[in-house]
Amino acid sequence: MAKYQCGPCGYIYDPAEGDPDGGIAPGTPFEDLPEDWCCPICGVGKDMFEKVEE
C-alpha cells in the first residue's frame, strides 16, 4: 500500500500504521480514509496529500 505525504507539513500517512489517534485502524489504505479525514499534524484535508514514490 502506498504512503502519502502532506504537502504543507510533510507528515507521512503510512497505511501499515493508520492513524490510531484519529480512529483509523492499521491496514487502512489512504483511498479508504473518510473524506473528512485531515492531517493529524496541521489539519489540512486529503486533497493536500501526494503519493510518495517508493
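Just so you know, these numbers come straight off a predicted model, no measurement behind them.
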Closest non-hydrogen atom pair, [X] against [Y]:
| X | Y | value |
| --- | --- | --- |
| E17 | P26 | O-CG, 3.7 Å |
| C9 | C39 | SG-SG, 3.7 Å |
| P8 | C42 | CB-SG, 4.2 Å |

Is there a donor-acceptor pair closer than 3.5 Å between any side-chain N or O of E50 and the backbone N or O of Q5? no
Check whether the ring centres of Y13 and Y4 lie less than 6.0 Å apart, and answer yes or no. no
Aromatic rings Y11 and F49: how do their planes relate, parallel, tilted or perpendicular, breaks at 30° and 60°? perpendicular
Contact check, side chains of V44 and C6, non-hydrogen atoms, under 4.5 Å: yes
Spell out, yes or no, whether M1 and I24 are grouped together once hydrophobic residues are joined by side-chain heavy atoms under 4.5 Å, including indirect joins. no
Got a sec, which pairs hit salt bridge (Lys or Arg N to Asp or Glu O under 4.0 Å) with one end in residues 28-37, sequence neighbours left out? E35-K46
For residues 18-29, pull every pair meeting salt bridge (Lys or Arg N to Asp or Glu O under 4.0 Å), keeping only residues two or more places apart or in separate chains. none
